[in-house]
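Throughout, protein chains are lettered first and strands after them, A, B, ... in sequence-line order, and every chain is numbered starting at 1.
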Amino acid sequence: MQATSRAFKENAGAALNDPRLQRALGNLRTGFQERRRAAVAGLPEFERLRDEGRAIKDHTLANLDWYLERWEANVRAAGGHVHWCRTAAEARDAILGICRAVGARSMTKGKSMIAEEIALNGFLAEHGIEPVETDLGEYIIQLRDEPPSHIIAPAIHLTRDDVEATFREHHDELPAGRPLAEPRQLTDEARAMLRRKFLAADVGLTGANFLVAETGSSIIVTNEGNGDLTQTLPKVHIVLASLEKVVPTLEDAATILRLLARSATGQEFSSYTTISTGPRRPEDLDGPEQYHVVLLDNGRSAMLGTEFQDMLRCIRCSACLNHCPVYSAVGGHAYGWVYPGPMGAVLTPGLIGVEEAGHLPNASTFCGRCESVCPMKIPLPKMMRHWRERQVERGLAPAVARWGIGLWAFLAARPALYGLAARLGAGLLGRLGRRRGRFGSLPLAGGWTDVRDLPAPEGGTFRDRWAARRRQGGR
Amino acid sequence: MSDPRAQILGSLRRALGREAPAADIAAGLERRLAEHPANLVPRRTDLPGAALIDLFVRMAEAVSTTVDRVPDAAAVPASVAEYLARHNLPTEIVMAPDPALDAIPWDSRPLLAITRGRAQGDDAASLTGAFAGIAETGTLMLLSGPGHPTTLNFLPDTHVVVLRASQVVGPYEEAWRRLRARADGGMPRTVNLVTGPSRTGDIELKIQLGAHGPRRLHIVLIDDAPRP
Ligand code: SF4
């Protein structure tokens with residue numbers, strides 16, 4: 001996917017002025033936040049499970065090479081194949097090679113963010129293989145030729161009306177006057193259209209929520225059952241997974257599974273959790289004849305051992321998006337690449353570079369809700385600050401910000417001068433704004449005053465008032 | 001060095017600031033895999049036998065699974081036939097070639113047209129056994145194998161599962177224990193943990209049942225002696 005993260009400000013501006021998008025985003029609160037709250041309240045151990053989940057991932061990351069080798073050996077022992085890929089290009093080539101070896105013409109796909117990350121669909125189409133998205137949301141946006149706007153609800157930026165219009169346009173072999181007003185009718189129509197594709201596909205590709213070292217298994221979690229039809233019906237099952245997905249044992253997977261659905265959709269457990277180990281056995285009546293895992297690095301090993309390592313604990317639950325005031329206001333497309341919201345603001349600069357994605361770690365109010373709901377306790381705001389630091393170090397921050405921060409740093413290191421400057425500034429602003437008590441516009445502060453007023457300071461500076469209070473014996 | 005595998009492992013080791021883990025560390029990791037210790041297990045399932053079965057039923061019903069409790073295997077055919085009739089479904093059903101299901105006296109309901117095998121794209125209803133029921137979340141644990149083709153779990157619109165109360169366990173960890181203790185050992189191709197019928201929230205986050213898998217999931221629960 002071509003990144004447009006550089007245009008975050010313009011993208012966000014357009015999103016805020018799109019009433020249709022704003023209506024669609026209004027579903028986040030009841031659809032995600034309230035359901036999550038109820039599910040968490042229903043499991044008294046939830047907080048302690050968060051600590052355990054974090055510990056499991058930290059332990060695995062500290063021994064990642066060992067667990068990956070052990071997992072690989074167990075995949076092989078079960079008759080599967082592992083393809084190690086450093087980059088998106090290597091992963092695309094590995095997938096194409098597997099498809100070509102069986103003369104594949106079409107591929108059904110379960111939802112996979114990694115497939116978005118490596119821009120698989122366009123590549124397959126170029127090489128004569130039809131990719132068919134089977135998750136309902138992914139199917140809708142594939143018809144519309146749009147990227148997903150959310151990591152688990154890819155079509156959340158659309159309303160029911162949009163989906164109806166899309167189906168009427170693309171399913172033109174169906175009667176024009178058919179009723180499609182109800183979500184039920186839309187779901188049924190997609191089910192019927194996709195059923196044929198499922199039965200005809202040569203290869204099925206799914207993502208993975210976990211890789212289990214102990215058994216050499218991959219685990220996917222879905223609600224629709226599309227991931228299961230995708231991996232059961234074709235001759236070949238390809239799992240596309242990034243290397244931080246590995247956990248040691250089934251017990252460890254169980255602990256994190258208890259966190260995943262509750263944090264994501266507010267379910268106790270998703271409808272389908274599927275543990276897959278190798279291809280069909282000789283006596284089986286169905287299932288794929290080949291099982292491949294395309295294991296992708298694509299910048300993740302470079303995050304290990306750095307201040308961004310904690311991000312490798314992420315289980316892609318989307319809780320941080322669903323509770324983020326910025327995401328809720330602008331939606332996922334504004335972020336301009338595969339991963340939106342707080343997790344995207346941290347991950348995207350790591351994967352495509354802070355030069356491309358430097359706006360994203362700045363698209364935050366630092367309210368901290370993301371970290372407070374993250375089941376893996378990932379310190380997202382802290383890591384956004386790390387990216388800002390790197391931006392400043394590399395001279396990537398905008399000139400005004402650099403100049404302002406430089407001035408502040410100069411003053412902050414000289415307390416007497418700082419006090420004088422603050423007193424002068426507060427006094428000046430206080431006098432200028434005395435009449436209205438606020439400013440509607442200020443030079444250099446248009447980013448703030450264009451959309452809201454800045455209150456004028458009343459009285460002295462904080463330091464002066466603090467000192468006065470101390471003198472009066474206050475604390 | 002152009003071998004991606006060696007390069008990736010090499011960069012992981014550089015990031016971790018060491019070569020492959022030292023012998024004593026590796027031995028600890030081996031032990032962790034071999035002993036697969038349980039982490040914190042929620043107390044929700046700390047219940048005596050009968051109450052555990054009730055929890056399983058309650059959790060299953062909460063996710064739109066329907067459950068019919070019957071006293072013994074002899075009552076299963078009538079329960080299945082009535083379920084199909086109640087939903088105006090045809091009496092044809094494709095059944096898993098599972099010896100445990102063959103032991104049920106299907107002849108008592110001659111109108112049930114049973115075929116055995118995997119499911120095809122147009123089968124309306126399937127009938128399978130289950131390896132376990134997990135009370136923690138009302139989840140069925142289905143193992144693929146010659147006696148349980150996976151297509152039966154996903155292609156038909158209606159999936160009927162015959163489960164015995166003695167197969168109901170508490171948490172996932174207890175299900176893993178039973179899985180590892182199977183006579184043939186090893187993992188089957190798939191372990192399907194199924195919690196309710198297929199669903200989607202992809203249109204305005206409104207839940208619809210029957211996205212791609214079954215619209216209906218029905219359990220006939222034989223009330224044999226629950227585990228203590
Ligand atoms: S960062 Fe945390 S909350 Fe966000 S998707 Fe990842 S695990 Fe979920």
Side-chain angles (χ1 to χ4, degrees), chain A residues 27 31 43 45 48-49 52 63-66 84-86 90 134 136-137 153 155 159-160 163 183-184 186-187 191 194-195 199 213-215 217 223-226 228-229 232 248-251 254-255 265 268-269 271-278 280-281 283-287 297 301 304-305, chain B residues 4-5 7-9 11-13 15-17 20-21 25-26 29 32-33 36-40 42-43 59 63 117-118 121 137 139 144-146 149-151 153-155 172-173 176 187-206 208 210-214:
Chain A
N27 294 319
L43 188 67
E45 292 89 349
R48 278 191 290 153
L49 286 168
E52 296 215 333
N63 301 284
L64 190 53
D65 55 331
W66 192 90
W84 298 70
C85 301
R86 287 164 299 192
E90 287 184 0
T134 63
L136 178 58
T159 63
R160 193 212 55 79
V163 180
R184 171 81 264 154
L186 294 165
T187 305
R191 178 186 172 106
L194 282 166
R195 190 48 77 94
L199 295 166
E214 172 200 4
T215 57
S217 310
N223 276 311
E224 299 185 1
N226 63 313
D228 290 285
L229 290 173
T232 306
T249 64
L250 290 173
E251 278 71 8
T255 297
T265 50
E268 291 269 332
F269 215 49
S271 298
Y272 301 114
T273 298
T274 299
I275 309 173
S276 308
T277 317
R280 75 197 278 174
R281 312 296 188 249
E283 62 283 7
D284 284 350
L285 301 180
D286 55 20
D297 181 346
S301 62
L304 194 67
Chain B
R5 181 182 186 280
Q7 280 207 357
I8 291 172
L9 288 170
S11 52
L12 293 177
R13 288 179 183 138
L16 295 168
I25 305 255
L29 300 176
R32 196 178 186 294
L33 288 193
H36 45 79
N39 305 300
L40 174 71
R43 305 214 33 206
M59 295 307 293
V63 291
R118 57 161 283 173
T137 43
T139 299
S144 68
T150 309
T151 41
N153 308 339
F154 295 101
L155 277 174
Y172 310 119
E173 285 79 354
W176 302 161
M187 294 288 283
R189 184 186 71 79
T190 62
V191 176
N192 290 117
L193 302 176
V194 176
T195 311
S198 158
R199 67 187 64 216
T200 181
D202 274 349
I203 302 175
E204 295 191 351
L205 296 179
K206 299 205 171 60
Q208 304 290 326
H212 290 294

Closest-packed option against chain A by number of heavy-atom pairs under 4.5 Å, given [options]:
| options | value |
| --- | --- |
| B/Leu40, B/Ile203, B/Val194 | B/Leu40 |
| B/Leu16, B/Ile25, B/Asn153, B/Asn192 | B/Leu16 |
| B/Pro21, B/Pro214, B/Gly196 | B/Pro21 |
| B/Leu29, B/Thr190, B/Ile8 | B/Leu29 |
| B/Arg118, B/Lys206, B/Arg32 | B/Arg32 |

Quiz prompt | Side-chain (A/Tyr272) to main-chain (B/Ser198) donor-acceptor, under 3.5 angstrom | solution = yes
Exercise. Using atom types as modelled and distance alone, determine if a side-chain donor or acceptor of A/Asn223 lies under 3.5 Å from a backbone N or O of A/Ser271.
Key: yes
Practice problem: Would you indicate whether the side-chain heavy atoms of A/Thr255 and A/Leu49 approach each other to under 4.5 Å? | Solution: yes
Quiz item: Are side-chain heavy atoms of B/Glu204 and A/Pro183 found at a separation under 4.5 Å?
Solution: no
[atom1] of [X] to [atom2] of [Y]: how many Å apart, nearest 0.5 Å?
| X | Y | atom1 | atom2 | result |
| --- | --- | --- | --- | --- |
| A/Glu224 | A/Thr134 | CD | OG1 | 7.5 Å |
| B/Met59 | A/Glu268 | CE | CD | 4.0 Å |
| A/Ser276 | B/Met187 | OG | CE | 9.0 Å |

Is it the side chain or the backbone of [X] that comes within 4.5 Å of chain A heavy atoms, both, or neither?
| X | value |
| --- | --- |
| B/Leu155 | both |
| B/Val63 | neither |
| B/Thr151 | both |
| B/Thr150 | both |

Quiz item: Considering all heavy atoms of both residues, which atom of A/Gly137 and which atom of A/Ala155 are nearest to each other, and what is their separation?
Solution: O-CB, 3.9 Å
Chain B interface, residue from [options] that has the most non-hydrogen pairs under 4.5 Å:
| options | answer |
| --- | --- |
| A/Asp284, A/Leu43, A/Thr215, A/Asp65 | A/Asp65 |
| A/Arg160, A/Arg48, A/Arg191, A/Glu45 | A/Arg191 |
| A/Leu194, A/Thr265, A/Thr249, A/Leu186 | A/Thr249 |
| A/Leu250, A/Val163, A/Thr232, A/Thr187 | A/Leu250 |
| A/Leu285, A/Thr277, A/Asp286, A/Asn27 | A/Asp286 |
| A/Leu64, A/Leu199, A/Thr159 | A/Thr159 |

Exercise. Taking atom types as modelled, find out whether B/Tyr172 and B/Thr137 have a side-chain donor-acceptor pair closer than 3.5 angstrom.
Key: yes
Quiz item: Heavy-atom count around A/Arg184 CZ within 6.0 Å, excluding the residue itself: above 12?
Solution: yes
Self-check item: Which atoms of A/Glu52 approach chain B - backbone, side chain, both or neither, heavy atom under 4.5 Å
Solution: side chain
